[in-house]
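Following: one structure in C-alpha cells, then a few remarks.
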Amino acid sequence: VDQTGNNRADVTQQAGAANYPGLNQSATVTQTSVPADGTENFTSINQSGTDVDAMSTQNGRGNRAQVAQTVEQFGAASINQDGDFNVAQIDQNGGGGVVTTNASSSITQTGNANLVETFQDGDGALTSVTQLGDQNRAEVMQDGDSSSTILQDGNVNEAAVRQAGAGNSSSVTQTGN
C-alpha cells in the first residue's frame, strides 16, 4: 500500500476461507501526508502465521501505526516514523498458548510527540527502538532469551523494559534533556 495525503490503511493477512495462519506473508505500507490534504496517517497491520513480515513507513503529521502478529516463528515487524504526532505499537505473540520463537521488531521515530510500545512473548525475541527528539517515551516487554535496545537522544525521554525468564538482556541509552 503506497499513499500520499490524508492517509489510512488496514491490512489483515490470514490464509484460507477459515482464516488459518499462513506462511511467508509480507505487508508494506508507505504513507506521506501533504498538509493541505489533512493530517491523517494511520496504519494497522494484522498478520497470523509463520515467517511473516510487516513494515510501515510514515513521514509527517498525525502518524500512528500498529502491527499485531500472531506468529509461531520468524515474525519481523518494523515501523519508521519521521515527524509530528507519532505513536507506534508492535505486538508479537504466539496466541492460544503457542510459544513464539525468533520474533524481531524495530521502531524508529525522529521527532515530535513520540511514544513506543512493543510486546513480545516467546523465546529469541529482538527489539530495537530509536527515538531522537521531542516528547519521547518507550516501553518494551519481552519473555525468555530475548534482547532489547532503546536509544533516546533528546528532550523529555523515559524508558521502561520488563523482561521475564532466563537469558534476557537490555541496553538503554539516553543522551539529553
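Position 1 is the first residue of the sequence; numbering continues from there.
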Gln142 pairs by side chain to side chain donor-acceptor pair (under 3.5 Å) with which of Thr127, Asn168, Asp121?
Thr127
Test log, rule side-chain contact (heavy atoms from CB on, under 4.5 Å), inputs Asn93 and Thr70:
CA-CA 5 Å; Asn93 66 69; Thr70 303; 4.3 Å; yes
Nearest 0.5 Å, what's the OG-CZ distance between Ser44 and Arg64?
10.5 Å
Output yes when a side-chain donor or acceptor of Asn63 lies under 3.5 Å from a complementary backbone atom of Gly83, and no otherwise.
yes
If you measure only the distance, is there a donor-acceptor pair under 3.5 Å linking the side chains of Gln131 and Gln109?
yes
Ile90 pairs by side chain to side chain contact (heavy atoms under 4.5 Å, CB included) with which of Thr118, Val116, Val129?
Thr118
Do Val172 and Val140 sit in the same hydrophobic cluster, where Ile, Leu, Val, Met, Phe, Trp and Tyr count as joined when their side-chain heavy atoms come under 4.5 Å apart?
yes
Closest non-hydrogen atom pair, Ile79 against Ala65:
CG2-CB, 3.8 Å
Picking from Asp153, Asn114, Asn86, Asn155, what satisfies side chain to side chain donor-acceptor pair (under 3.5 Å) with Asn136?
Asn114
In this structure, CG of Asp84 is separated from CG of Asn59 (nearest 0.5 Å) by 10.0 Å
Closest heavy-atom pair, Asp134 versus Gly111, reported as atoms and distance to 0.1 Å, is OD2-C, 3.4 Å
Heavy-atom nearest pair, Gln152 first then Ala159, reads OE1-CB, 3.8 Å
Less than 4.5 Å apart, any side-chain heavy atom of Glu139 and any of Glu158?
no
What pair of heavy atoms forms the shortest contact from Ala88 to Gln81, and how long is it?
CB-OE1, 3.8 Å
Identify the two heavy atoms, one from Gln92 and one from Gly75, that lie closest to each other, and give their separation to 0.1 Å.
NE2-O, 3.5 Å
Could you measure the distance from the OG1 atom of Thr110 to the CG atom of Leu132? Nearest 0.5 Å is fine.
5.5 Å
Backbone N or O of Ala125 within a donor-acceptor pair of the Ser146 side chain at under 3.5 Å?
yes
Min side-chain heavy-atom separation Gln66-Asn46 under 4.5 Å
yes
So, for Ala113 and Phe85, which heavy atoms are closest and what is the spacing to 0.1 Å?
CB-O, 3.4 Å
Once you round to the nearest 0.5 Å, how far does CG of Asn80 lie from OG1 of Thr57?
4.5 Å
Evaluate side-chain contact (heavy atoms from CB on, under 4.5 Å) for Ser171 paired with Thr173, printing each intermediate quantity in order.
CA-CA 7 Å; Ser171 169; Thr173 304; 4.2 Å; yes
Ser78 side chain to Met55 main-chain N or O, any donor-acceptor pair under 3.5 Å?
no
To the nearest 0.5 Å, how far apart are CD in Gln69 and OG in Ser104?
8.0 Å
For Val156, is there any backbone N or O sitting under 3.5 Å from a side-chain donor or acceptor partner on Gln135?
no
To the nearest 0.5 Å, what is the distance between CG (Asp91) and OG (Ser105)?
10.0 Å
Examine the side chains of Ser106 and Ser128 and answer whether a donor and an acceptor come within less than 3.5 Å of each other.
no
Does the side chain of Gln73 pick up a donor-acceptor pair with the side chain of Thr50 at under 3.5 Å?
no
